[in-house]
Amino acid sequence: MFAISSMKKTMFTISSMKEKRCDHSAVPINDDQILIVGGSEYGGGRSLKSTEIINNNINNDNNDNNDIPELPAGRFGHASVGIGNFVFVIGGKAESYKNTVLRRVLRININNIHNPTTKWESITPMRQRRYLFAAVAIGDVIYAAGGM
């Protein structure tokens, strides 16, 4: 994984992901970490339900990947955003649902992410199925734009 410093206009390498993936999402958590969510196996393989945390400290290659709850099912082409203590995973495609484009929205409380009883929970779904789209949170509202 690499990073770009907008202030220094330089690129540098940070920790590697434990699993090769594409079509995944990433969202900042805890001011110094990045939560990587789902995707598909690199090269167009099966959809992934795994998650992992990457430390964004260039001097620390010790990623925090223990006991992080997996998604209920693999998904790719989705979007993720953070609001307060929650990370939301929105839409995408799910291999387990015959590559159906999803309306489903999941959330998890990042303060409890290492608690073994913490699970992703479903909340109100989107009105429209979305895949390969962009999402952003402003205040407590999530906006989803474009996609298929």
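Since the model is a prediction, treat every value here as computed from it, not as a measurement. Heads up: numbering here begins at 1 and tracks the sequence.
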Arg107: which residues meet the salt bridge (charged side-chain N to carboxylate O under 4.0 Å, His left out) condition with it, sequence neighbours left out?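 Once residues adjacent in sequence are excluded, the partners of Arg107 under the salt bridge (charged side-chain N to carboxylate O under 4.0 Å, His left out) criterion are Glu121.
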Side-chain heavy atoms under 4.5 angstrom apart, residues restricted to Ile, Leu, Val, Met, Phe, Trp, Tyr: same cluster for [X] and [Y]?
{"X": "Tyr143", "Y": "Phe88", "value": "no"}
{"X": "Val81", "Y": "Ile108", "value": "no"}
{"X": "Ile123", "Y": "Ile83", "value": "yes"}
{"X": "Val89", "Y": "Leu35", "value": "yes"}
{"X": "Val87", "Y": "Ile53", "value": "yes"}

[X] side, atom [atom1]; [Y] side, atom [atom2] - distance, nearest 0.5 Å:
{"X": "Arg103", "Y": "Arg127", "atom1": "CZ", "atom2": "CZ", "answer": "10.0 Å"}
{"X": "Asn85", "Y": "Asn112", "atom1": "CG", "atom2": "CG", "answer": "8.5 Å"}
{"X": "Lys119", "Y": "Glu70", "atom1": "NZ", "atom2": "CD", "answer": "10.0 Å"}
{"X": "Ile54", "Y": "Asp32", "atom1": "CD1", "atom2": "CG", "answer": "12.5 Å"}

Go through the structure and list residues passing side-chain contact (heavy atoms from CB on, under 4.5 Å) with Glu19, not counting sequence neighbours.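 For Glu19 the side-chain contact (heavy atoms from CB on, under 4.5 Å) partners, ignoring immediate neighbours, are Arg21, Arg46, Leu48, Ser50, Glu52.
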Check whether any side-chain N or O of [X] sits under 3.5 Å from a backbone N or O of [Y] as a donor-acceptor pair, and report yes or no.
{"X": "Arg130", "Y": "Gly91", "answer": "no"}
{"X": "Thr51", "Y": "Pro69", "answer": "yes"}
{"X": "Trp120", "Y": "Pro72", "answer": "no"}

Looking only at heavy atoms, which two atoms of [X] and [Y] are closest? And how far apart?
{"X": "Ile34", "Y": "Ala26", "value": "CG2-CB, 3.8 Å"}
{"X": "Gly146", "Y": "Phe133", "value": "O-CB, 3.4 Å"}
{"X": "Val27", "Y": "Gly82", "value": "CG2-N, 3.5 Å"}
{"X": "Ser80", "Y": "His78", "value": "OG-CD2, 4.0 Å"}
{"X": "Phe76", "Y": "Ser47", "value": "CD2-CB, 3.5 Å"}
{"X": "Val101", "Y": "Arg129", "value": "O-NH1, 2.9 Å"}

Can you find a pair of side-chain heavy atoms, one from [X] and one from [Y], that are under 4.5 Å apart?
{"X": "Thr118", "Y": "Asn109", "result": "no"}
{"X": "Leu106", "Y": "Arg75", "result": "yes"}
{"X": "Arg104", "Y": "Ser122", "result": "yes"}
{"X": "Ile113", "Y": "Ile68", "result": "yes"}

